[in-house]
Amino acid sequence: MTHHAKEIKDNFGELEGREVNIAGRAMQMRQMGGITFIDIQDKSGKIQSLIRNNELDERSLLVLTNSSIGDNLGVRGIVMKSKRGEISVGAREITMLSKTLRTLPNKWQGLTDTEARYRYRHLDLMMNQEVLKTFEIRSKFMRHVRDTLDSRGAIEVETPILQDVYGGAKAKPFKTTYHTLDDKQMFLRISDELYLKRLIIGGAERVYEVSKDFRNEDADTTHNPEFTQIEYYEAYSDYETFMGMMEEMMRSFALNTFGTLKIEYQGEIVDFTPPFARMYWVDELRRIIGVDISSLSDEEAAKINDSEQLGLKHPDPYHVADTLFDKYLKGKTMQPTFVLDFPAYMCPLTKIKRGNPLRAERFELYVGRMEVANSYSELTDPVYQRKMFEDQERERKKGDEEAPPFDEEFLDAMEYGMPPTAGIGISIDRPTMVFSNQTSIKEVILFPPMKSLPPDGS
RNA sequence: GGGCCCGUAGCUCAGUUCGGUAGAGCAUCUGGCUUUUAACCAGGUGGUCGUGGGUUCGAUUCCCACUGGGCCCGCCA
């Protein structure tokens, strides 16, 4: 193969009359007796090959008569235009690269059934070439985050996905067993945070990991039980550093990838021009509903749950505050927005805000009304950290299944002294949704989880 | 977990109102055609109508259960 379809179309002037080799899948075929037109599709697009029987050798003729839509064909021929002006490859030789045993979806409706598209992603990619574009964007975004962090002198690391003690987030874990160690109970990680912090304690200073995390929860249009984020920790920095980093990272990605800072998402223009909006959400909520959520007792939280009709099963301060945000403020975050200054009780791993002990030094970046990054000045005080773990342990016992267990090993490491550090988790899935204008996370995950079909095919 | 909608040929869809063992286009196969682009013309192949049960002389159609999917709501990024 010497050329992709798009190269030939883009450089027709230079290539006209020259011999090329193309390869790809036959997507359409128009046979007129002594002449056949086959549209060959490669990853760059489609190009027509024009085949005159009397210009083929015997072997190619045999291939032609036995070929059908869906076959992978190689065509050697001359770049030319057909009588109707279509840029074509005038075939001299045709090779069967692989024969399809199944028929492709029809040529103009294609494959539209959502279930079939996700289950048979190979067919989706064949029939809907724009799908690949989405995953190219995803790849580029990941590359861009890595480049950004590499340029700060960070090293990429890998930490355990199978963990004894899960932590670093609030979520129900997947449970699993390790037979070799006496059927020991282990968990798929919900976060890699606590391991990365141990590296910071050890002196690594700047580390990140591309982390597939697993949370045993329902899927919807913005959540998948396994998802990808890049967590990054930087010693001797605080969360302010990362606001600047995120602004620059999102700005340069939009500009490099799309040549503009204004991206269309769901009919609205999302503008990545820094500085991004800053929403001090506790203050904002107080303005809207007259309640200061920065300190809430369990009783007050329960009262708000009723008066605001939140309908929470466990109306503890954390969930009440979180739900109030969703109800009143999330809708205002279509544009890139830093949501700032969380109540301290929502952030068991975060440093208390300097000058205000009720707030934590934490921001979440929202784009397209979705959280795409979560960052804070890390809590480094082992005594206070122990207290936060104890609080969580109490929540657990009260029935909060999402509260992570006490992590004595992590505390042990922290007691050696952890330098002031900023941490951030950058989502991969959701920014990809924004940049590829998708409303479902399944559109940015190649193989979204599907229930298994019964063996009889019903 | 709750609500609504959906599952008929490889694909995209009719048909089900009011029960009488299935249709179209594309694909595939055969024949014709040397500049088509949803090529065209003629003919053929292809279906346990998601699965199981019930009602009935008879069920793709009506009833029940199950299963898979989509959307909305509730909860987590």
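Since we're looking at a predicted model, the values are computed, not measured. Values reported hereafter were calculated over all heavy atoms of this structure, with side chains retained and with hydrogens, waters and symmetry mates removed.
Salt-bridge check for A/R189 with A/D213: passed, with a basic side-chain N closer than 4.0 Å to an acidic carboxylate O. At a threshold of 4.0 Å, the pair A/E240-A/R362 does not count as salt-bridged, since none of the basic side-chain nitrogens sits closer than that to a carboxylate oxygen. Salt-bridge annotation for A/R206 and A/E234: present, with a side-chain N of the basic residue lying under 4.0 Å from a carboxylate O of the acidic one. A salt bridge links A/D39 to A/R30: one of the charged nitrogens lies within less than 4.0 Å of a carboxylate oxygen.
Between the side chain of A/D220 and the base of B/C75 there is at least one donor-acceptor pair of N/O atoms closer than 3.5 Å. Within 3.5 Å, a donor on the side chain of A/R52 pairs with an acceptor on the base of B/U35, or the reverse. Side-chain N/O atoms of A/N54 and base N/O atoms of B/U34 include a donor-acceptor pair closer than 3.5 Å. Not a single donor-acceptor pair, N or O on each side, falls under 3.5 Å between the base of B/U28 and the side chain of A/S68. For A/Q48 against B/U36, a side-chain-to-base donor-acceptor contact under 3.5 Å is present.
One interatomic measurement links the two molecules: CH2 of A/W108 to P of B/C11, which rounds to 16 Å at whole-angstrom precision. With rounding to whole Å, A/D113 atom CG is found 14 Å from B/C71 atom C1'. A/Q31 has its CD atom 17 Å from the P atom of B/A38, to the nearest Å. One can place CD of A/E217 at 13 Å from C1' of B/G74, the figure rounded to the nearest angstrom. Look at NZ on A/K9: it is 11 Å from C1' on B/U37, rounded to the nearest Å. The distance between atom NZ of A/K330 and atom P of B/C75, rounded to the nearest whole Å, is 10 Å.
Between B/C76 and B/C62, the distance separating the two C1' atoms is 42 Å to the nearest Å. With both ends at atom P, the span from B/U36 to B/C41 equals 15 Å, rounded to whole Å. Between the P atoms of B/C4 and B/G44, the separation comes to 46 Å (whole Å). Taking the C1' atoms as reference points, B/U56 lies 34 Å from B/G70, given to the whole Å. Remark: the separation of the P atoms in B/U60 and B/G50 is 9 Å, to the nearest Å. Across B/C6 and B/C13, the matching C1' atoms stand 14 Å from one another, rounded to whole Å. Distance noted for atom C1' between B/A22 and B/U35: 41 Å (whole Å). Of the C1' atoms belonging to B/C18 and B/U61, the separation is 10 Å, rounded to the nearest Å.
In this structure, of B/C76, B/C71, B/C26, it is B/C26 that holds the atom nearest to the side chain of A/N106. Considering only the side chain of A/E115, B/G69 comes nearest among B/C11, B/C71, B/G69. Counting only heavy atoms from C-beta on, A/Q28 has its side chain closest to B/A38 among B/C76, B/A38, B/U28. Among B/G70, B/U36, B/C75, the nucleotide with an atom closest to any side-chain atom of A/H319 is B/C75. Listed nucleotides: B/C75, B/U36, B/U28. Nearest to the side chain of A/I69: B/U28. Checked against B/C13, B/C26, B/U34, the side chain of A/K107 finds its nearest nucleotide in B/C26.
Between A/T103 and the phosphate of B/U28, there is no side-chain N or O to OP1/OP2 separation shorter than 4.0 Å. The side chain of A/Q109 places no N or O atom within less than 4.0 Å of a non-bridging phosphate oxygen (OP1 or OP2) of B/A27. Within the structure, a side-chain polar atom (N or O) of A/K442 is placed less than 4.0 Å from OP1 or OP2 of B/G70. For A/R30, no side-chain nitrogen or oxygen approaches OP1 or OP2 of B/U36 to under 4.0 Å. OP1 or OP2 of B/U37 lies within a sub-4.0 Å distance of a side-chain N or O belonging to A/R84.
Here A/H223 counts as stacked on B/C76: its ring centre is under 5.5 angstrom from the base ring centre and the planes meet at under 30°.
Heavy atoms of other residues, nucleotides or ligands lying less than 6.0 angstrom from NZ of A/K303 number 12 at most.
Side chains of A/E364 and A/Y376: a donor-acceptor N/O pair is absent below 3.5 angstrom, by distance only. Under the 3.5 Å distance criterion, with hydrogens and angles disregarded, a donor-acceptor pair is assigned to the side chains of A/S98 and A/N72.
Sequence order on RNA chain B of the closest nucleotides to A/L123 and A/A219 puts A/L123 first from the 5' end. The residue among A/P449 and A/P225 whose nearest nucleotide of RNA chain B is located toward the 5' end is A/P449.
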